[in-house]
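Keep in mind that the numbers below use all heavy atoms, side chains included, and drop hydrogens, waters and symmetry copies. We name chains A, B, ... by the order of the sequence lines, and we start the count at 1 in each one.
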Amino acid sequence: MCPFLSEIILEYCQVSEKMFHHPVGGEPSSDRMSVGFIGAGQLAHALVKGFMAAGVIATHRITASSPDSELLTVSGLRKMGVNMTTSNKEAVNKSDVLFLAVKPHIIPFVLDEIGPDIEDRHLIVSCAAGVTISSIEKKLLQYRPAPKVMRCMTNTPVVVREGATVYATGTHAQVEDGKLLEQLMGSVGFCTEVEEDLIDAVTGLSGSGPAYAFTALDALADGGVKMGLPRRLAVRLGAQALLGAAKMLLDSEQHPGQLKDNVCSPGGATIHALHVLESGGFRSLLINAVEASCIRTRELQYLADQERISPAAIKKTTLDKVLQQPGVEVSGVANGNGRSGLSLFNSRGPSIKKKN
Amino acid sequence: MSVGFIGAGQLAHALVKGFMAAGVIATHRITASSPDSELLTVSGLRKMGVNMTTSNKEAVNKSDVLFLAVKPHIIPFVLDEIGPDIEDRHLIVSCAAGVTISSIEKKLLQYRPAPKVMRCMTNTPVVVREGATVYATGTHAQVEDGKLLEQLMGSVGFCTEVEEDLIDAVTGLSGSGPAYAFTALDALADGGVKMGLPRRLAVRLGAQALLGAAKMLLDSEQHPGQLKDNVCSPGGATIHALHVLESGGFRSLLINAVEASCIRTRELQYLADQERISPAAIKKTTLDKVLQQPGVEVSGVANGNGRSGLSLFNSRGPSIKKKN
């Protein structure tokens, strides 16, 4: 059996029925396309893990670039069968759909580096919070007449295939590009298209949402432990209760208030508990949280649009690394040494090595 | 095996819906009794293929596993009525919050030498097969009875055995938990709408975010605090949001809620154990109905007319009819 044929069969077997897609006009379909990641941090790792569980793409068709081979996520990706490289150029050349999974302030460096290598087939998908499609297109237009750009905001539960993703479509991206991205991201959770101006609000809600949930779950478990439950059981019950409630809401046409009413029997335990939540302004805290995250996202976007890299805005530890590279100037444009893909989404530097 | 429900309200409806989706038992092997044929849940159960009856006795006779799905203060009435009909095969599973195994065994021992009793605390997400259930085993229930209940309840979510003294705390946490979640989801959607999202999308994204996070925690060995750390990039949007939550005592509110629900559960249990039915304790609307029945005395013991299976778990009386 020739290698080409066996590769086709391997591909076919690895594709889940959701993803079967007939190519039209020679464009990449999900079962034959290659995916690249600039950046190999938490986001790339979570997405690849989800894609792998979904069977939507074979991991050997995925390439990820990172200058830092020490990262835990890098070895995690390698173990999953992803082609790892320190060359952003290689990630570009080996991909059809290219995810930009680096920190927002690094995006301009990356775009300047890979700009010359972008081809017509490439679909650039930026996952960087606060980085506008127009800013990306502006950079890439120096290199190509019609760069296909999309912007997406996802969240970490993609790793268990229960993510929440929205995406906005750039000037030159086609309908098929949107469908392709929806196929990929839809395999790891909910995915829908939105107007770009809604993405900041989505960041505040479902982008940061898991953090609100983890905090709540920690506190609920504390409550259970306070009232006598062993910790493990308390964590389990709290998480299961939240999961079940969320699923009920997703599966129901009813208002969350109606679902809440349904579980509050007159004079019972639950309505007593709800009263203490309301007394403490529980709802207001959550509205505040969504607002604060959204506002900070807009702030970061504004600073990025200014194209001035100030230490306060760009999380100093990573700027230091950037400044250490030979040939990198404070003006914010990398030149010539190919080492600009430095900072990785949610990278926590040395402390990541502690995770074991 | 056949399953019976005394009471055909929200709990029975949710459990049957879950069992049906799980395929763990054919609905024609389920019988549910309710004196009130007007309830929405009653017609819902009938549509699912459950045998509906107004006779508690019939529900007992047609079942092997019998769920008591009525309000806590009605339990004594029900037990006195069905006591004589219980056989050796019956496994009685009480879902009534705050009603102790010993109080149930005490009643049934008047009729049988070794009544098999279990007590469980579940929650409404059983309806989508993501419930959280714990159960405690009574004096005469066997290991196989526990396994049988775990099979049933495990088909609709998480299920584990616990010591009975933990059940109040479980009520506060996962029993009431869905209500905390619905409230949070309503507020999160408000936050999204405030920042410009359409309502439907905001509800969807908020629910998906909570669901995904809960699943991550369940599937992970990591501490929730570690998972929280992982999504807080330095100087980013999320840590800004977390700060406002902490500033407002978000965690404390949730601990308070679990505590308040647990304490109220213990309170209700204490009142039930006193065997005095006072209007303040037993949710007046249903007492009125009980008192209206001929032969029912204020002393709290039903006699003779077989109409004691009146109040149904989480029944909201006439307002249920508005739901359409």
- prompt: For A:Asn288, is it the side chain, the backbone, both or neither that has a heavy atom under 4.5 Å from a heavy atom of chain B?
  reply: both
- prompt: Where do A:Ala289 and B:Ala241 come nearest, in terms of heavy atoms and distance?
  reply: O-CB, 3.3 Å
- request: Return yes if some donor-acceptor pair links the side-chain N/O of B:Arg251 with the main-chain N/O of A:Asp222 below 3.5 Å, else return no.
  value: no
field: Min side-chain heavy-atom separation A:Asn262-B:Phe182 under 4.5 Å
entry: no
task: Nearest 0.5 Å please: distance from the OG1 atom of B:Thr238 over to the CZ atom of A:Arg296.
output: 11.0 Å
message: Can you confirm whether A:Leu242 sits close enough to B:Tyr180 that some side-chain heavy atom of one is under 4.5 Å from a side-chain heavy atom of the other?
response: no
task: Measure distances from A:Ser279 to the heavy atoms of chain B and classify the residue's part below 4.5 Å as side chain, backbone, both or neither.
output: neither
- prompt: With only heavy atoms counted, which part of A:His275 is less than 4.5 Å from chain B, the side chain, the backbone, both or neither?
  reply: neither
statement: Highest number of heavy-atom pairs under 4.5 Å with chain A among B:Gly157, B:Ala189, B:Pro178 belongs to B:Pro178
- prompt: What residue in B:Leu227, B:Val127, B:Ile239 has the most heavy-atom pairs under 4.5 Å with chain A?
  reply: B:Leu227
task: Using a 4.5 Å cut-off on heavy atoms from C-beta on, say whether the side chain of B:Glu259 contacts that of A:His272.
output: no
query: Counting heavy-atom pairs under 4.5 Å to chain A, which of B:Ser261, B:Ala181, B:Gly172, B:Gly131 comes out on top?
result: B:Ser261
query: Do you know which of B:Gly192, B:Gly196, B:Ala184 has the most heavy-atom pairs under 4.5 Å to chain A?
result: B:Ala184
- request: Just give me the residue among A:Leu217, A:Thr297, A:Thr192, A:Leu250 that pairs up with chain B most often, heavy atom to heavy atom, under 4.5 Å.
  value: A:Leu250
Student check: side-chain heavy atoms of B:Leu245 and A:Leu286 closer than 4.5 Å: yes
- prompt: What part of A:Glu195 gets closer than 4.5 Å to chain B, counting heavy atoms only: side chain, backbone, both or neither?
  reply: neither
- line: Given B:Ala214, B:Ala237, B:Gly248, the one with more heavy-atom pairs under 4.5 angstrom with chain A than any other is B:Ala237
Between A:Leu198, A:Val194, A:Ile295, the one whose heavy-atom pairs under 4.5 Å with chain B are most numerous: A:Leu198
Max heavy-atom pair count under 4.5 Å with chain A, selected residue of B:Asn123, B:Thr171, B:Val203, B:Val170: B:Val170
query: In terms of heavy-atom pairs under 4.5 Å with chain B, which of A:Val290, A:Val276, A:Leu285 leads?
result: A:Leu285
message: At a 4.5 Å cut-off on heavy atoms, which part of A:Val166 comes close to chain B: side chain, backbone, both, or neither?
response: side chain
- line: Of all heavy-atom pairs linking B:Leu268 and A:Gly268, the shortest is CD1-CA, 4.4 Å
- prompt: Can you say whether A:Glu253 sits under 4.5 Å from chain B via the side chain, the backbone, both, or neither, judging by heavy atoms?
  reply: side chain
message: Counting heavy-atom pairs closer than 4.5 Å to chain B, which one of A:His255, A:Arg298, A:Lys247 comes out on top?
response: A:Lys247
task: Measure the CG-CD distance between A:Leu249 and B:Gln208 for me, rounded to the nearest 0.5 Å.
output: 11.0 Å
- prompt: Given the options A:Thr165, A:Thr215, A:Asp197, A:Asp200, which has more heavy-atom pairs under 4.5 Å with chain B than any of the others?
  reply: A:Thr215
message: Under a 4.5 Å cutoff for heavy-atom pairs, which residue among A:Ser208, A:Gly209, A:Ser284 has the most contacts with chain B?
response: A:Ser208
task: With a 4.5 angstrom heavy-atom cut-off, could you sort out which part of A:Val158 is near chain B: side chain, backbone, both or neither?
output: neither
message: Could you measure the distance from the OG atom of A:Ser206 to the CG atom of B:Leu197? Nearest 0.5 Å is fine.
response: 8.0 Å
query: Charged N to carboxylate O below 4.0 Å: is that the case for B:Lys228 and A:Asp218?
result: no
Side chain, backbone, both or neither of A:Arg231 within contact of chain B (heavy atoms, under 4.5 Å): neither
Closest non-hydrogen atom pair, B:Pro125 against A:Ala245: CG-N, 3.7 Å
